[in-house]
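Here's the structure we're looking at; comments come further down.
Remember, it's a predicted structure, so these values are computed and weren't measured experimentally. For ligands, and for the atoms within them, numbers begin at 1 and follow the listed sequence.
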Amino acid sequence: MLAKPDNLIIVIFGASGDLTNRKLIPALFELYKQELMPENFAIVGTARSQLSQKDFHSRLKNGVSNPDIVAKTEEFLEHVYYLQLDPGVLNGYHELKSELSILAEKHKSRGNYIFYLSTPPSVYGIIAENLALAGLSAEDNQGWKRIIIEKPFGIDYSSAKSLNNHLLKFFNERQLYRIDHYLGKETVQNLLVTRFSNGIFEPLWNRNFIHHVEITAAESIGVEDRGSYYDHSGALRDMIQNHLLQVAALVAMEPPSSMDDWAIRNETLKVFQSLRHFPVNELDKYVIRGQYTKSHIKGKLAKGYREESNVDPESRTETFAAIKFYIDNWRWGDVPFYIRTGKRLPTRVSEVVIHFKSTPHRLFVENQEFCNTGNQLVIRIQPDEGILLKFGMKVPGTGFNVKNVNMDFRYKDLGNGRLPDAYERLLLDCMQGDATLYARGDAVDAAWNFVQPILDYWKNHPEAPLFGYPAGSWGPDVADDFIEGKNINWRYPCKNLADDGVFCEL
Ligand code: NDP
Ligand code: BG6
């Protein structure tokens, strides 16, 4: 049983926003219900909006209420406060500080604070600075201070580096928690357990046995109401630079010396440092970008990306991106890694597929289905979380007819079936002072450094191919030619939905 975290106060900046309402407060409430919150605690929401405590509570109730737990909700909300504050103005922090010391006394939090930055990224720097100027960043015998930074962490290599340098003037690296919610997903953490708690996988986990590695994060939704953010971001920045490279690092890393956060993050950093640089003159062979176009999905007209609100009608922002890369170290040598992600694909699925090499001598060549695909270990991140091993078995009867069969494990069969939301795990870890599942500054820099040549290339060559793909399809067809090897494609867990294709189960 995990020890309860120390008493503390969580201060949320940007508390009138969507993330607080939809993710942070529900996650904290869930921890509260499971008695994982500290014995005593306070949550202080701050934002520029003028809201009474009652107004603030009513907003939050939408996220946490459930007719069966009204009393529990009310009990939880007794710990939740609101303070109007413009995070850009230093004066307000003095008032914040004196409010906090009153609450610290009341909730016996002994000077322990988490500051959660859930504002637009443009104010992350000034909040850290103002907290320090108000004397709220220094750790002394008055308790610990931690700061959680939401994504996006920079928009390119140089802005991420400047943000890192700026934050490090006011907080040290051990106080900084850069959130990447993919690392909070149970199944992403299970990558470590699958690899390092079982004797059978690790001996095969290298260039001698693995043909290639595929990582997919597909979304069926479009950009929804986030056009103004997304049109300046695109799939490479939004998903690959952070979430999917972090997942790749867990797949590729060496065994850490311990489960200590520093030890694990040292190993993921080494992966980022070993990424082979893209050959800038041949980038089109390593990167594909696409943008969804108008189409029919299950009989309904779906908008093209350029028709979405707050999107430039001539936008060249990618809503699909696929990259191929190599990790130059002894374990991986020339094993290609492929990452693809996109919006308006046929379904929502994130998974890692380890494709093993085929046998050196093919005895059962008559069965193309098996010979072409070989063994696959599918690690399903979401939905339908689990692991699937595909291997060949003899079909009963005459001859040697080999068929691919599945051995599968589903997460829902383990435990009580409820998978905690990523924010629950990440918030609890931060309270416990465990940064394993948070991105370290050097790794964030290294990941930006890796994708920067692509961003530069697209910026300097607007004519570089941007392939249209019908909303509801698996992205541009050219993405298939990308995969090295005869007759080898991406894994398609579901058919195209564009042009009224048939919906299929995962
Ligand atoms: P919202 O726009 O819904 O909320 C932003 C919050 O910041 C509001 O409370 C707003 O309150 C405050 N704010 C807005 N502009 C300023 C400003 N110029 N100076 C100071 N405060 C400001 O955003 P979200 O809650 O969706 O997102 C918050 C952060 O989390 C963003 O950085 C976003 O990228 C990140 N994020 C969000 C996700 C989500 O699912 N929502 C997922 C992943 C990351 P007020 O105007 O009252 O001050
Ligand atoms: C966010 C991206 O970080 O991750 C979104 O900004 C994306 O564009 C989301 O939709 C995907 O997260 P999940 O947990 O739904 O896979």
Side-chain angles (χ1 to χ4, degrees), residues 11-27 44-51 55-56 59-60 63 82-89 92-93 116-128 130 148-155 163 178-188 215-247 305 308 310 317-321 341-345 347-351 380-385 419-426 439:
V11 182
I12 303 177
F13 292 88
S16 59
D18 170 73
L19 186 72
T20 305
N21 212 19
R22 224 168 30 81
K23 291 286 184 186
L24 305 183
I25 294 292
V44 180
T46 75
R48 297 169 307 173
S49 302
Q50 192 173 8
L51 296 174
D55 297 334
F56 188 51
R59 285 173 173 235
L60 302 181
Y82 183 78
L83 181 76
Q84 187 184 6
L85 173 93
D86 182 340
V89 180
Y93 287 73
Y116 198 115
L117 274 44
S118 178
T119 58
S122 54
V123 284
Y124 292 165
I126 189 72
I127 296 176
N130 284 340
I148 303 183
I149 324 279
E150 257 301 338
K151 71 162 279 209
F153 196 89
I155 52 162
L163 178 58
R178 297 171 197 78
I179 210 157
D180 186 310
H181 80 278
Y182 259 62
L183 294 179
K185 290 181 189 280
E186 276 291 331
T187 34
V188 172
I215 300 174
T216 290
E219 293 185 272
S220 51
I221 55 168
V223 286
E224 314 279 288
D225 54 357
R226 296 171 72 220
S228 48
Y229 152 75
Y230 196 87
D231 210 30
H232 297 285
S233 167
L236 187 70
R237 286 187 173 95
D238 189 47
M239 292 292 291
I240 294 184
Q241 180 278 333
N242 38 62
H243 307 320
L244 301 180
L245 282 176
Q246 289 287 344
V247 171
Y305 175 68
E308 301 277 15
N310 298 317
T317 298
E318 77 288 358
T319 58
F320 174 98
T341 183
K343 298 221 181 260
R344 276 287 187 220
L345 301 188
T347 189
R348 174 175 183 252
V349 62
S350 296
E351 61 183 26
R380 173 63 63 79
I381 296 171
Q382 64 189 23
D384 224 358
E385 292 82 355
L419 288 186
D421 183 77
Y423 279 92
E424 287 171 41
R425 171 65 194 256
L426 292 171

May I have a table of the N/O to N/O pairs between ligand 2 and the protein that fall below 3.5 Å, each row giving the two atom names and the distance to 0.1 Å?
from	atom 1	to	atom 2	distance (Å)
ligand 2	3 (O)	Lys151	NZ	2.8
ligand 2	3 (O)	His243	NE2	2.7
ligand 2	6 (O)	Lys151	NZ	3.1
ligand 2	6 (O)	Arg226	NH2	3.0
ligand 2	6 (O)	Asp238	OD1	2.6
ligand 2	6 (O)	Asp238	OD2	3.4
ligand 2	8 (O)	Arg226	NH1	2.9
ligand 2	8 (O)	Asp238	OD2	2.5
ligand 2	8 (O)	Lys343	NZ	2.9
ligand 2	10 (O)	Glu219	OE1	3.3
ligand 2	10 (O)	Glu219	OE2	2.5
ligand 2	10 (O)	Lys343	NZ	3.2
ligand 2	12 (O)	His181	NE2	3.1
ligand 2	14 (O)	His181	NE2	2.8
ligand 2	14 (O)	Lys185	NZ	2.6
ligand 2	15 (O)	Arg348	NH2	3.4
ligand 2	16 (O)	Tyr182	OH	2.8
ligand 2	16 (O)	Gln382	NE2	2.7

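Of the possible polar contacts, one joining the Tyr93 side chain to the Pro87 backbone as a donor-acceptor pair under 3.5 Å is found. Remark: the backbone N or O of Ala235 is paired with a side-chain donor or acceptor of Glu318 at under 3.5 angstrom. Listed for the Gln84 side chain is a donor-acceptor partner under 3.5 Å among the backbone atoms of Arg48. Thr20 places a side-chain N or O within donor-acceptor distance of the main-chain N or O of Gly14, the cut-off being under 3.5 Å.
Listed by chain and number, the residues in a salt bridge (Lys or Arg N to Asp or Glu O under 4.0 Å) with Glu424 are Arg418 (sequence neighbours excluded).
Within 4.0 Å of ligand 1, protein heavy atoms come from Gly14, Ala15, Ser16, Gly17, Asp18, Leu19, Arg22, Ala47, Arg48, Ser49, Pro87, Ser118, Thr119, Pro120, Pro121, Val123, Tyr124, Glu150, Lys151, Pro152.
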Go through the steps to decide whether Arg380 and Val349 satisfy the test side chain to side chain contact (heavy atoms under 4.5 Å, CB included), and finish with yes or no. CA-CA 8 Å; Arg380 173 63 63 79; Val349 62; 3.4 Å; yes
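Between Tyr124 and Glu150, the side chains place no donor N or O within less than 3.5 Å of an acceptor N or O (distance only, hydrogens not considered). When only modelled atom types and interatomic distance are considered, Tyr305 and Asp231 share a side-chain donor-acceptor pair under 3.5 Å.
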Let me have the donor-acceptor pairs involving side chains of residues 240-247, under 3.5 Å, with sequence neighbours excluded, atom names and distances please.
from	atom 1	to	atom 2	distance (Å)
Asn242	ND2	Arg237	O	2.9
His243	ND1	Asp180	OD1	2.7
His243	ND1	Asp180	OD2	3.4

